[in-house]
Amino acid sequence: MTRLLVRDLAQVVSPAGTGAPLRGNALGQADVLEDGYVLCEDTKIVAVGRTRDLAPLAGSDVEEIDGRGLCVLPGLVDCHTHACFAGDRVDEFARRAAGATYEELHAAGGGILSTVRATRAVGEQALVDGVERHAQWMRSAGTTTFEAKSGYGLDRETELAQLRAVKAAGGVATWLGAHAVPPEYEDGDAYLDFALAEVLPEAATIAEAADVFVERGAFDAAQARRYLDACRGAGLVLRLHGDQFSEQGAISLAIKLGARSVDHLEATGAAGISALAASEVTGVLLPASALFLGRQMPPARALIDAGAAVALATDFNPGSAFCESLPLVCSLAATQLKLAPEEALAACTINAAHVLGRAAQKGRIAPGYDADLVLLDAPDWRYLAYHLGHDHVARVVRGGELR
Ligand code: NIG
Ligand code: FE
């Protein structure tokens, strides 16, 4: 047995409550314990309390971390990334800076399809190396659990290689088989004929969820329904990219099909807000993507006030959000989305863990939960959102091991 004791911490902080996903008032509650400790045994948290109440531990197998001046939070959970890709889009970034829009670049064969060309051109080992490198960036920013999607292959070999690479790098794999229509196919229906017959059966043995981009120029609601119905039949959890640029019916489809989440929501109007709030579907907010593309922010406050369950994620990808930092996303949540720091914390820990089907293991500091912790070099945990763009992560513990 390996034991790890983090003691004399300025604050031990965890989203309050026991259930998930949190919504309404519960979303804004955090348990804050001053002068605390966290004791882990092997891969689990076994005790949390005040350091002054800590009885001497028998045995000499305890590794101790001096937590003075540090705050500890649950390891952050990034429930929406596109971390498996090759190449970059720095030239497009420069063109966008000079005035070109994301949709114009996409319509001209750039955008997602330029990353598809780059991703198809490298082998599986290069994809694994890429996800590992990106996972290391995420870990440096406090992320201990990440999801990553395929969607830059759009052919059988590369889609499956992407999913295997995500798993090999320790991520939760989502099959984004309906991200864009690749140039070999006349239209979305012809591409879906291929993807559902040739890729889904094997993708469903690697991925946990399926995702679809519902948008003009990508897939419409009828095509998304066909794709998601088939994916549900193959045992996958359902997720959607919806209302990013325009409302195309993604929220009502998500509710009808019992999807786990609908992600983006920058263009969601009043009817979508009340429908989502009254449903079991979690809204995943991606403010770094809205910022990076210079678009309006999602109506986060209205969603939360109406009672919706929300999560926060980076959307890390080379085109619309080249940002792997959940602390930065928390700063955007506080300053742009008007979330309280407690709401932002719950949204990128326990509620994000719920989106990934891991709310019983991840996203809280409590006995029985996984020993995933992030130690912040700050006198108050709210520096997570307050100190804009700062690297506050002192140590990361993942599965009981110091990283
Ligand atoms: O979530 N909107 C669709 N997909 C990604 C962008 C992917 C890309 O630009 O490469 C997103 O923003
Ligand atoms: Fe995305």
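Evaluation of the ring pair (Phe, Tyr, Trp, His ring centres under 6.0 Å) test over residues 102-129, restricted to residues two or more places apart or in two chains, returns Tyr102-Phe245. Applying the side-chain hydrogen bond (donor to acceptor under 3.5 Å, both in side chains) definition to pairs two or more places apart or across chains, those involving residues 202-212 are Lys149-Asp211, Arg156-Glu202, Glu208-Arg358, Asp211-His241. Residue pairs meeting the ring pair (Phe, Tyr, Trp, His ring centres under 6.0 Å) criterion with at least one partner in residues 312-344, sequence neighbours excluded, are Phe85-Phe316, His134-Phe316, Phe316-Phe322.
Contact check for Ser289 versus Gln244: side-chain heavy atoms found under the 4.5 Å cut-off. Between Val72 and Val13 the shortest side-chain heavy-atom distance does not fall below 4.5 Å. Side-chain contact between Leu5 and Ile65: absent, with no pair of heavy atoms (C-beta onward) separated by less than 4.5 Å. Taking 4.5 Å as the limit, every side-chain heavy atom of Asp155 sits out of range of all side-chain heavy atoms of Pro182. Using a 4.5 Å cut-off on side-chain heavy atoms (C-beta onward), Leu328 and Cys323 make contact. The side-chain heavy atoms of Ile365 and Val12, taken from C-beta on, include a pair separated by under 4.5 Å. Side-chain contact between Val172 and Phe146: absent, with no pair of heavy atoms (C-beta onward) separated by less than 4.5 Å.
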Taking distance alone, no hydrogens or angles, what donor-acceptor pairs closer than 3.5 Å link side-chain atoms of residues 271-286 to residues at least two apart or in another chain?
unit_1 : atom_1 : unit_2 : atom_2 : d
Ser274 : OG     : Ala270 : O      : 3.0
Ser279 : OG     : Leu276 : O      : 2.8
Ser279 : OG     : Val281 : N      : 3.1

Worked verdict on Arg7 versus Asp66 for side-chain contact (heavy atoms from CB on, under 4.5 Å):
CA-CA 6 Å; Arg7 54 176 299 155; Asp66 179 358; 6.0 Å; no

Evaluation steps, salt bridge (Lys or Arg N to Asp or Glu O under 4.0 Å), between Arg295 and Glu103
CA-CA 12 Å; Arg295 312 285 301 208; Glu103 294 96 316; 2.9 Å; yes

Do Trp175 and Tyr227 pass the ring-ring contact (aromatic ring centres under 6.0 Å, His included) test, and can you show the C-alpha distance, the side-chain angles, and the key distance before you say yes or no?
CA-CA 11 Å; Trp175 184 45; Tyr227 171 81; 5.2 Å; yes

Run the salt bridge (Lys or Arg N to Asp or Glu O under 4.0 Å) check on Arg398 and Asp372 step by step: do they pass?
CA-CA 4 Å; Arg398 186 160 173 265; Asp372 294 347; 5.5 Å; no

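Counting non-hydrogen atoms of neighbouring residues, nucleotides and ligands closer than 6.0 angstrom, the CZ atom of Arg133 reaches no more than 12 such neighbours. The 12-atom threshold is exceeded at CZ of Arg226, counting heavy atoms of other residues, nucleotides or ligands nearer than 6.0 Å. Atom CG of Asn25 is surrounded by 12 or fewer heavy atoms from other residues, nucleotides or ligands within 6.0 Å. Summarising the local packing, CD of Glu184 is surrounded by more than 12 heavy atoms from other residues, nucleotides or ligands at distances under 6.0 Å. Under a cut-off of 6.0 angstrom, the local environment of CD in Glu157 is sparse, with at most 12 non-hydrogen atoms contributed by other residues, nucleotides or ligands.
Taking a cutoff of 4.0 Å between a charged side-chain nitrogen and a carboxylate oxygen, Glu132 and Arg139 do not qualify as a salt bridge. A salt bridge is absent between Lys256 and Asp229; no separation between the charged side-chain nitrogens and carboxylate oxygens falls under 4.0 Å. Here Glu343 pairs with Arg301 in a salt bridge; the nearest charged N to carboxylate O distance falls below 4.0 Å.
Asp370 pairs with exactly one of Lys44, Gln361, Arg364 by the side chain to side chain donor-acceptor pair (under 3.5 Å) rule, that one being Lys44.
At least one donor-acceptor pair under 3.5 Å links the side chain of Arg23 to the backbone N or O of Gly307. For the pair Arg50 (side chain) and Glu34 (backbone), a donor-acceptor distance under 3.5 Å is present. Counting only distance, with no hydrogens or angles, the side chain of Asp377 and the backbone of Ala394 share no donor-acceptor pair below 3.5 Å. In this structure a side-chain-to-backbone donor-acceptor pair under 3.5 Å is present from Glu92 to Gly111. Glu63 places no side-chain N or O within 3.5 Å of a backbone atom of Leu4 that could act as its donor or acceptor partner. Judged by distance alone, with hydrogens and angles left aside, the side-chain atoms of Ser140 form a donor-acceptor pair with the main-chain N or O of Gln136 at under 3.5 Å. For the pair Asp78 (side chain) and Thr314 (backbone), a donor-acceptor distance under 3.5 Å is present.
Looking at Ser150 and Glu159, their side chains do bring a donor and an acceptor atom within 3.5 Å of each other. A donor-acceptor pair shorter than 3.5 Å can be found between the side chains of His80 and Asp315. Side-chain N/O atoms of Ser320 and Asn317 include a donor and acceptor closer than 3.5 Å. In the model, Ser246 has a side-chain atom that pairs as donor or acceptor with a side-chain atom of Glu215 under 3.5 Å.
Interatomic distance, Leu312 CG to Leu337 CG, rounded to the nearest 0.5 Å: 6.5 Å. In this structure, SG in Cys40 is found 14.5 Å from OH in Tyr369, a value given to the nearest 0.5 Å. Here CG of Asp91 is found 12.5 Å from CZ of Arg96. Values are rounded to the nearest 0.5 Å.
Residue Met138 comes nearest to Ala83 through the heavy atom pair CE-CB, 3.6 Å, listed as atom of the first residue, atom of the second, then distance.
In this view, Phe93 and Phe292 satisfy the ring pair (Phe, Tyr, Trp, His ring centres under 6.0 Å) rule, not counting sequence neighbours. When the salt bridge (charged side-chain N to carboxylate O under 4.0 Å, His left out) test is applied to Glu124, the partners found at least two apart in sequence or on another chain are Arg164.
If you look at Trp381 and Tyr386, their ring centroids are not closer than 6.0 Å.
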